[in-house]
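For reference, the structure discussed in these notes is given below.
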Amino acid sequence: MNSDSLSLTLPDDWHLHLRDDEALHTTVPHSARCFGRAITMPNLKSPVTSVDAALDYRDRILSYVPQANRFQPLMTLYLTDSLSPQEIDKARETDCVVAVKYYPAGATTNSDNGVTEISRIYPVIERMIEHDMPLLVHGEVTDHCIDIFDRERQFIQTILQPLIRHYPTLKLVLEHITTSHAVDFVQQQPANIAATITAHHLLYNRNDLLAGGIRPHFYCLPLLKRSSHQQALIEAAISGNPSFFLGTDSAPHGRASKETDCGCAGIYSAPAAIELYAEVFDSHAALEKLEAFASFYGADFYGLPHNQSSITLLRKDWHMPSEYRLAGDVVVPIRAGDTIAWQLESNS
């Protein structure tokens, strides 16, 4: 491996927000440039709660994929208290709907229709186990009595651990983990339990959000945590443990919604996603571990083949634009106006 050039099997993004309609004009090409597939989140303003809605959404996404690109969105269903087990049967009849997303009600963007009490979804979980369909979990409690920095740990202790004891064969991904508690939990589980890790939780901690003033474009949920948790995530990502794999959680919001007295949660990383992961792995002398983390472990967990094409990254500085158009507004990306140390050269 040339220290200034890195070739990877085409990676996949196992946690992505593309939004809908006109926003797709920006978000889809940004992700399609460096990822072959992406688990596409269902928390639209009208949540994707049926297979028919998921397939319609997929068609809208595909209409924005650049012509020469083979990007494939992998669709998910939004889990509600009333989702029918029969909808899981229907999902298994198509290769396009591959998982179900669990949002605790009120946990994050467009999650008001999420699960209010986990026992209400047991029939759906049992049907998912029958079909070996993964449950993708936003792992935070929403009790306002719980400190916001402790909500992931509390979720693991009070919701996730009992769920896994009750359903030990459930295939589950704890999404966008942020704490050493989550790392420890996943490391102690069998291979049917995995976790995604974002670039922004590897690169930043809560000082970047709060020190010297509140920076709304670093505001995401789950929140950035203290540096010791950041270090635990880095160690997990570069460890070679196949239970940890890439999921950007890239989540665009227009500037008008972000820079307000009650700004939206989400960091838009898609324009430099794989390059930022390369920065992290490079800075920890682990570039040789990036391909498996980005291109193999997630596909293996989902039972999908590895991509056959490849990308090449060059150690070459470039500057992130300060903004991109987004559906009548602009979105401020991660590292806006700053230098990125790796650059995508080709997608062959």
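Any value given below was found using the heavy atoms of this structure, including those in side chains, with hydrogens, waters and symmetry copies removed. Index from 1, following the sequence.
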Where the side chain of [X] meets the backbone of [Y], is there a donor-acceptor pair that is under 3.5 Å apart?
{"X": "D13", "Y": "A38", "value": "no"}
{"X": "E87", "Y": "V51", "value": "yes"}
{"X": "S322", "Y": "G337", "value": "no"}
{"X": "D317", "Y": "T339", "value": "no"}
{"X": "N69", "Y": "P66", "value": "no"}
{"X": "Y277", "Y": "L202", "value": "no"}
{"X": "N192", "Y": "P168", "value": "yes"}
{"X": "E259", "Y": "P216", "value": "no"}
{"X": "S243", "Y": "A194", "value": "no"}
{"X": "S310", "Y": "T9", "value": "no"}

Measure the shortest side-chain to side-chain distance between [X] and [Y] over non-hydrogen atoms and say whether it is less than 4.5 angstrom.
{"X": "F301", "Y": "P242", "answer": "no"}
{"X": "L313", "Y": "E275", "answer": "yes"}
{"X": "T248", "Y": "F35", "answer": "yes"}
{"X": "M75", "Y": "V48", "answer": "no"}
{"X": "I177", "Y": "E152", "answer": "yes"}
{"X": "Q154", "Y": "D150", "answer": "no"}
{"X": "V115", "Y": "P104", "answer": "no"}
{"X": "I340", "Y": "D338", "answer": "no"}

For this session: Could you pull out all residues at least two apart from R335 that satisfy side chain to side chain donor-acceptor pair (under 3.5 Å)?
Result: Y204, E279
[X]-[Y] aromatic ring centre distance below 6.0 Å:
{"X": "F245", "Y": "F296", "result": "no"}
{"X": "H229", "Y": "H201", "result": "no"}
{"X": "W14", "Y": "Y302", "result": "yes"}
{"X": "Y268", "Y": "H253", "result": "no"}
{"X": "H166", "Y": "Y122", "result": "yes"}

Problem set entry | Worked verdict on I238 versus L290 for side chain to side chain contact (heavy atoms under 4.5 Å, CB included) | CA-CA 7 Å; I238 67 175; L290 178 59; over 6 Å; no
As an exercise, state the distance from [atom1] of [X] to [atom2] of [Y], rounded to the nearest 0.5 Å.
{"X": "L77", "Y": "M128", "atom1": "CG", "atom2": "CE", "answer": "9.0 Å"}
{"X": "S119", "Y": "I121", "atom1": "OG", "atom2": "CD1", "answer": "8.5 Å"}
{"X": "L135", "Y": "L163", "atom1": "CG", "atom2": "CG", "answer": "7.0 Å"}
{"X": "L223", "Y": "N205", "atom1": "CG", "atom2": "CG", "answer": "12.0 Å"}
{"X": "H25", "Y": "Y324", "atom1": "NE2", "atom2": "OH", "answer": "13.0 Å"}

Problem set entry | Derivation and outcome, side chain to side chain contact (heavy atoms under 4.5 Å, CB included), residues S7 and T312 | CA-CA 4 Å; S7 292; T312 299; 3.4 Å; yes
So does [X] pair up with [Y], basic N to acidic O under 4.0 Å?
{"X": "D20", "Y": "R60", "value": "yes"}
{"X": "R120", "Y": "D81", "value": "yes"}
{"X": "R33", "Y": "E345", "value": "no"}
{"X": "D4", "Y": "K316", "value": "no"}
{"X": "R127", "Y": "D89", "value": "yes"}
{"X": "D132", "Y": "R92", "value": "no"}

For this session: Could you check whether the rings of F281 and F293 sit parallel, tilted or perpendicular, using 30° and 60° as the cut-offs?
Result: tilted
Exercise. Only one of H138, H17, H200 clears side chain to side chain donor-acceptor pair (under 3.5 Å) with D249; which?
Worked result: H17
Exercise. Around D95, counting heavy atoms of other residues, nucleotides and ligands shown, do more than 12 lie under 6.0 Å from its CG?
Worked result: no
For this session: Please say whether more than 12 non-hydrogen atoms of neighbouring residues, nucleotides or ligands are located less than 6.0 Å from CZ in R226.
Result: no
Problem set entry | Lys NZ or Arg CZ of R206 over F149 ring: under 6.0 Å, within 45° | yes
When you group the ILVMFWY residues by side-chain heavy-atom contacts below 4.5 Å and let the links chain together, are [Y] and [X] in the same group?
{"X": "L83", "Y": "Y167", "answer": "yes"}
{"X": "L6", "Y": "L314", "answer": "no"}
{"X": "Y219", "Y": "V332", "answer": "no"}

Exercise. For R153 and I156, what are the C-alpha separation, side-chain angles and deciding distance, and is it a side chain to side chain contact (heavy atoms under 4.5 Å, CB included)?
Worked result: CA-CA 5 Å; R153 177 175 61 178; I156 291 169; 5.7 Å; no
Problem set entry | side chain to side chain contact (heavy atoms under 4.5 Å, CB included) between L74 and T40, intermediate numbers included | CA-CA 6 Å; L74 302 174; T40 306; 5.7 Å; no
Donor-acceptor side-chain pairing of [X] and [Y] below 3.5 angstrom:
{"X": "Q157", "Y": "H181", "answer": "no"}
{"X": "K225", "Y": "T178", "answer": "yes"}
{"X": "Y78", "Y": "N43", "answer": "no"}

Exercise. So which heavy atom on A105 is nearest to which on T116, and how close?
Worked result: CB-CG2, 4.1 Å
Exercise. K90 and D52: salt bridge (charged side-chain N to carboxylate O under 4.0 Å, His left out), yes or no, with the steps?
Worked result: CA-CA 9 Å; K90 190 174 180 180; D52 289 343; 3.2 Å; yes
